[in-house]
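To keep things clear, I will list the structure first and then write my remarks on it.
Chain naming here is simple, since letters A, B, ... match the order of the sequence lines and numbering starts at 1 in each.
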Number of protein chains: 2
Amino acid sequence: MVLQALADPSRRTVLEILRDHPATAGELADALPIARPGVSRHLRVLREAGLVDVRAEAQRRIYSLRPEALVEVDEWLEGYRALWQNRLDALHTEIARGKIARREKAGQ
Amino acid sequence: MVLQALADPSRRTVLEILRDHPATAGELADALPIARPGVSRHLRVLREAGLVDVRAEAQRRIYSLRPEALVEVDEWLEGYRALWQNRLDALHTEIARGKIARREKAGQ
DNA sequence: CCCCAACATAACCAACCTGTTACGTAACCG
DNA sequence: CGGTTACGTAACAGGTTGGTTATGTTGGGG
């Protein structure tokens with residue numbers, strides 16, 4: 001569900017704003033190139049994914065980031081992290097060892 | 001684009017299989033509850049996102065994971081990792097404090 | 001050779017976004 | 001109070017998605 005929520009750029013923008021400070025729905029809407037009701041629904045998706053919190057303050061709704069929800073993504077990534085790190089290590093080794101030789105060969 | 005590709009469960013299953021070993025399109029299709037052409041298109045999405053590689057071997061297409069593409073996700077997460085770690089630290093502190101209190105209580 | 005196996009692409013369809021405008025509602029403000 | 005502000009939800013339009021069946025295409029094996 002979280003990865004699904006993160007797939008949309010508008011929603012990622014919202015998270016980026018909330019990373020710096022909580023904001024009202026109106027402030028978030030002003031920061032996005034879409035109309036208010038669209039933002040409202042994005043906020044609902046984020047809320048249902050556990051990525052944001054809402055708190056009512058008079059007629060304002062103050063949204064704030066709930067970064068713990070991202071742990072799920074981090075844990076998913078964990079199962080792959082070793083792999084790309086190995087690959088990058090291998091690449092670096094490869095570069096260090098053969099870059100010049102291969103370049104000369106390829107350049108013929 | 002990568003996050004978009006990761007949003008679909010079938011595609012995540014494909015990645016999970018490829019994490020262990022490369023596989024042909026047919027093997028991947030057998031592992032999924034959907035028909036072959038659907039898998040073909042998922043594979044295309046994954047390829048376009050840079051998440052998998054294909055290599056032709058006779059009439060087989062051998063797909064393999066390209067974990068470097070996940071670095072992008074990791075880097076995106078990086079901007080949030082500190083936040084949830086702080087939150088978790090606070091939680092742990094809280095727990096540790098509560099534990100002590102409870103221990104003292106129990107010890108009375 | 002011919003045919004089958006392994007795959008991709010095409011064409012199609014239902015379902016689901018993502019945006020819109022229109023409307024409803026709760027709380028403050030004059 | 002009555003209006004306005006700050007939202008949310010409803011209803012709707014379109015494009016995209018995720019699945020399907022049908023139709024190539026390419027390479028190998030009998």
Side-chain angles (χ1 to χ4, degrees), chain A residues 1-18 20-66 69 72-73 76, chain B residues 1-66 69-70 72-73 76:
Chain A
M1 200 86 188
V2 173
L3 276 173
Q4 182 65 254
L6 294 179
D8 184 88
S10 294
R11 290 195 286 264
R12 286 199 299 270
T13 301
V14 168
L15 294 183
E16 197 182 320
I17 295 169
L18 295 183
D20 295 334
H21 48 78
T24 66
E27 288 167 343
L28 295 170
D30 290 345
L32 291 176
I34 63 181
R36 195 72 91 63
V39 178
S40 262
R41 271 204 317 209
H42 281 310
L43 290 172
R44 182 145 71 103
V45 173
L46 290 171
R47 209 185 320 136
E48 285 168 355
L51 282 161
V52 303
D53 251 351
V54 216
R55 147 178 63 103
E57 185 162 300
Q59 73 275 52
R60 310 247 162 82
R61 304 299 169 98
I62 317 252
Y63 284 86
S64 54
L65 188 62
R66 234 173 64 82
E72 183 182 321
V73 180
W76 182 85
Chain B
M1 200 85 191
V2 174
L3 275 173
Q4 182 65 255
L6 295 180
D8 183 86
S10 295
R11 289 196 287 267
R12 285 199 300 272
T13 301
V14 168
L15 295 182
E16 197 182 320
I17 295 169
L18 295 182
R19 178 171 46 169
D20 295 335
H21 49 77
T24 66
E27 288 167 343
L28 295 170
D30 290 345
L32 291 175
I34 62 181
R36 196 72 91 64
V39 177
S40 261
R41 269 204 319 210
H42 281 309
L43 289 172
R44 183 145 72 99
V45 172
L46 289 171
R47 208 185 321 137
E48 286 169 356
L51 283 161
V52 304
D53 251 351
V54 215
R55 147 178 64 101
E57 184 162 303
Q59 71 275 54
R60 310 250 162 81
R61 305 299 171 97
I62 316 251
Y63 284 84
S64 54
L65 189 63
R66 234 174 65 80
L70 291 172
E72 183 182 319
V73 181
W76 182 84

Contacts of A:Val45 meeting side-chain contact (heavy atoms from CB on, under 4.5 Å) (sequence neighbours excluded), chain-then-number -> A:Ala5, A:Arg11

For B:Arg44 and C:dA8, give me the distance from atom CZ to atom C1', rounded to whole Å. 9 Å

Between B:Arg60 (CZ) and C:dA5 (C1'), how many Å, whole number? 8 Å

Only pairs at least two apart or in different chains count here, so list each side-chain hydrogen bond (donor to acceptor under 3.5 Å, both in side chains) that has a residue in residues 12-24 of chain B. none

Grab the CD-P distance between A:Gln4 and C:dC16 for me, whole Å please. 12 Å

Sequence neighbours excluded, which residues qualify as side-chain contact (heavy atoms from CB on, under 4.5 Å) partners of A:Ala7? B:Gln4, B:Ala7

Does B:Arg66 use its side chain to pair, donor to acceptor, with the backbone of B:Gly50 at less than 3.5 Å? yes

Distance, rounded to the nearest Å, where A:Glu27 contributes CD and D:dT5 contributes P: 16 Å

Taking protein heavy atoms under 4.0 Å as touching, what does nucleotides 18-30 of chain C look like 5' to 3' if B marks base contact, S marks sugar-phosphate-only contact and - marks none? BBBBB----SS--

Filter on salt bridge (Lys or Arg N to Asp or Glu O under 4.0 Å), then keep only pairs touching residues 21-47 of chain B, sequence neighbours left out; what's left? B:Arg44-B:Glu48

Within the distance-only criterion (no hydrogens, no angle test), does the side chain of B:Arg61 pair as donor or acceptor with the backbone N or O of B:Ala25 below 3.5 angstrom? no

Rounding to a whole Å, what distance do you find between B:Leu46:CG and C:dC7:C1'? 16 Å

In whole Å, I'd like the distance from the CG atom of B:Leu6 to the P atom of D:dT17. 15 Å

